[in-house]
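The structure under discussion appears below in the form of structure tokens.
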Amino acid sequence: MLNKLLYICILFYSTSVWCQPKLFKELTKWGIIENDTVVVKPVYDTVFNFDALGKVCLACNKIKTPSANRFIKMVSVSYNCNYLNKQGKRLMVKPEGSDSATGIFSLNKQNVKQYQEDGTYIIAPIKNKRYLVSKDFKQITFKNYSEIYFTDHPDFLIAEIKTEGNLILKGLIDLNEREIVPFLYSNIKINLRDSIIIACSAGIGMNKEDDIYNYQGKKTDSYRRHIDMATKKFIIHKIFEPKEYYIIVNIKTKEEHIVYSEELQLLAGEEILMRNEDHWFTYDMANNKKKPYDTKYKK
């Protein structure tokens, strides 16, 4: 009890003396001040505050570009941005194929929210490419990905590339940028419980298969039907037409069962949670039995 009270006192004291950095304006430019000390000079047109841990902010200047069409007088507006820490250091990233690093990044709807909410990483946009960087300004990815997504596995990232025909392909990489799943798929899922990676080919082209990989990047199986989820013992196919339903396949016996449902979620053991309209139920894949489910237990 004493330790708990001590912790509360320390927490109260630390939060009472800590001051959130504040934006301030000088003439027409913006900066950031903390405890009466200027940590970002007021030389920017737009400034976004430091993240919750006080590691990184985003400061931008407006760029006006007149239209190339001499008959239509229009000006497009974009922003050149810098990621800054409290010591005034700028993030520098070296893009693939470039001889030098750049500290100028694009501004979009996602990147402000991303760096402010993530405590560890920045997904830094350079034009239409994305690069993963730690908040200590260590560059993690160096290749030209069109998008980068975090996964439920802390060591894996889903990355996208765009072909010359504007086809978007997803692959799976680790934090050393080693390719785990090749860039051949439209979607990738991970079953953390069973260490299984599900790679989906829907929309990529005719006669493509959905594939199963292990964490070492070895393809262990392939299926013509779409795989919605997989476990060590079962493959769960989702059929979309003429009506949505699932086919549960026992990998060992090859036995199949059809289950009509609009939604699916893995539970413990061999159970899955399913929904038909507002009716929730569990389905045991081992014995093909359903049970009603109280939604107050749903996470």
Side-chain angles (χ1 to χ4, degrees), residues 48 51-53 55-56 58 81 83 91 93-97 105-205 208-219 226-230 236 238 263-266 299:
F48 301 92
D51 59 275
L53 297 178
K55 290 185 174 182
V56 179
L58 190 64
C81 301
Y83 289 96
L91 170 65
V93 166
K94 186 177 180 181
E96 184 180 28
F105 302 92
S106 311
L107 178 64
N108 57 56
K109 294 179 180 179
Q110 291 79 32
N111 64 326
V112 174
K113 184 174 185 290
Q114 187 277 317
Y115 92 83
Q116 287 186 338
E117 294 183 356
D118 193 296
T120 307
Y121 298 109
I122 301 165
I123 298 178
I126 301 177
K127 296 182 179 178
N128 59 344
K129 304 299 180 184
R130 304 290 183 266
Y131 299 87
L132 186 69
V133 185
S134 74
K135 287 198 170 177
D136 296 324
F137 290 0
K138 177 184 176 183
Q139 187 171 345
I140 296 170
T141 65
F142 294 82
K143 295 180 181 179
N144 292 330
Y145 304 115
S146 57
E147 282 294 349
I148 295 174
Y149 306 95
F150 298 108
T151 72
D152 292 333
H153 193 294
D155 297 329
F156 291 153
L157 303 164
I158 294 174
E160 284 182 359
I161 60 173
K162 188 177 289 187
T163 68
E164 292 182 358
N166 285 326
L167 181 64
I168 294 174
L169 299 173
K170 288 184 171 68
L172 191 74
I173 61 174
D174 65 15
L175 293 178
N176 294 314
E177 213 167 359
R178 181 175 71 94
E179 186 180 282
I180 307 298
V181 174
F183 287 81
L184 299 171
Y185 302 97
S186 58
N187 193 28
I188 294 174
K189 294 181 180 180
I190 299 177
N191 175 357
L192 288 177
R193 188 186 71 187
D194 295 328
S195 302
I196 293 172
I197 302 166
I198 303 101
C200 173
S201 298
I204 298 299
K208 297 290 185 179
E209 295 180 331
D210 284 9
D211 299 320
I212 303 294
Y213 289 83
N214 61 25
Y215 281 3
Q216 289 70 48
K218 180 181 177 181
K219 186 193 297 187
H226 169 66
I227 305 172
D228 190 76
M229 184 50 67
I236 305 170
K238 185 172 185 179
E263 190 174 341
L264 180 149
Q265 179 182 324
L266 282 180
K299 293 181 181 180

Sidechain-backbone polar pair: Asp211 side chain, Ala199 backbone, donor-acceptor under 3.5 Å: no

Listed partners of Asp174 passing side-chain hydrogen bond (donor to acceptor under 3.5 Å, both in side chains), at least two apart: Arg178

Validation row: Tyr185, Asp210 side chains within 4.5 angstrom (heavy atoms): no

Any side-chain heavy-atom pair of Ile180 and Tyr213 under 4.5 Å: no

Pairs touching residues 112-122 that satisfy salt bridge (Lys or Arg N to Asp or Glu O under 4.0 Å), sequence neighbours left out: Lys113-Glu117

Derivation and outcome, side-chain contact (heavy atoms from CB on, under 4.5 Å), residues Ser134 and Ile140: CA-CA 7 Å; Ser134 74; Ile140 296 170; 4.3 Å; yes

Under the side-chain hydrogen bond (donor to acceptor under 3.5 Å, both in side chains) test, residues paired with Lys208 that sit two or more places apart: none

Residues in ring-ring contact (aromatic ring centres under 6.0 Å, His included) contact with Phe105, at least two apart in sequence or another chain: Tyr83

Partners passing salt bridge (Lys or Arg N to Asp or Glu O under 4.0 Å) against Lys143 (at least two apart in sequence or in another chain): none

All salt bridge (Lys or Arg N to Asp or Glu O under 4.0 Å) counterparts of Lys55, not counting sequence neighbours: none

Euclidean distance, Leu58 CG relative to Asn111 CG, rounded to 0.5 Å: 6.0 Å

Student check: side-chain heavy atoms of Gln114 and Ile122 closer than 4.5 Å: yes

Heavy-atom side-chain contact between Cys200 and His226 under 4.5 Å: yes

Salt bridge (Lys or Arg N to Asp or Glu O under 4.0 Å) partners for Lys129, two or more places apart: none

Tyr121: partners by ring-ring contact (aromatic ring centres under 6.0 Å, His included), with sequence neighbours left out: Phe150

Extract all donor-acceptor atom pairs below 3.5 Å that involve side chains of residues 161-173 and protein atoms in other chains or at least two apart in sequence.
residue	atom	partner	partner atom	Å
Thr163	OG1	Gly165	N	3.3
Thr163	OG1	Leu167	N	3.0
Thr163	OG1	Leu167	O	3.4
Lys170	NZ	Glu160	OE2	3.0
Lys170	NZ	Ser186	O	3.4

By side-chain hydrogen bond (donor to acceptor under 3.5 Å, both in side chains) - contacts of Tyr115 (at least two apart): none

Spacing of NZ belonging to Lys135 relative to CG belonging to Asp51, to within rounding of 0.5 Å: 3.5 Å

Residues that Glu96 engages under salt bridge (Lys or Arg N to Asp or Glu O under 4.0 Å), provided they are two or more places apart: none

Minimum side-chain heavy-atom gap Leu107-Val112 below 4.5 Å: yes

N/O donor to acceptor pairs below 3.5 angstrom from side-chain atoms of residues 190-198, sequence neighbours left out:
residue	atom	partner	partner atom	Å
Asn191	OD1	Arg193	N	3.1
Asn191	OD1	Asp194	N	3.3
Asn191	ND2	Asp194	OD2	3.1
Asn191	ND2	Ala230	O	2.8
Arg193	NH1	Leu267	O	2.4
Arg193	NH1	Gly269	O	3.2
Arg193	NH2	Gly269	O	3.3
Asp194	OD2	Lys232	N	3.4

Rounded distance [0.5 Å steps], CD in Gln265 versus CE in Met229: 9.5 Å

Nearest-0.5 Å distance that lies between atom CG in Asn108 and atom OG in Ser106: 7.0 Å

Gln139 side-chain N/O to Thr141 backbone N/O, donor-acceptor pair under 3.5 Å: yes

Parallel, tilted or perpendicular, as decided by the 30° and 60° cut-offs, for the rings of His153 and Tyr215: perpendicular

Minimal non-hydrogen separation, Asn187 against Lys189, with atom names: ND2-CE, 4.1 Å

Separation of Glu147 CD from Ile123 CD1 (nearest 0.5 Å): 7.5 Å

Rounded distance (nearest 0.5 Å) linking atom CG of Leu132 with atom CG of Leu157: 5.5 Å

Side-chain donor or acceptor of Asn214 paired with backbone N/O of Gln216 under 3.5 Å: yes

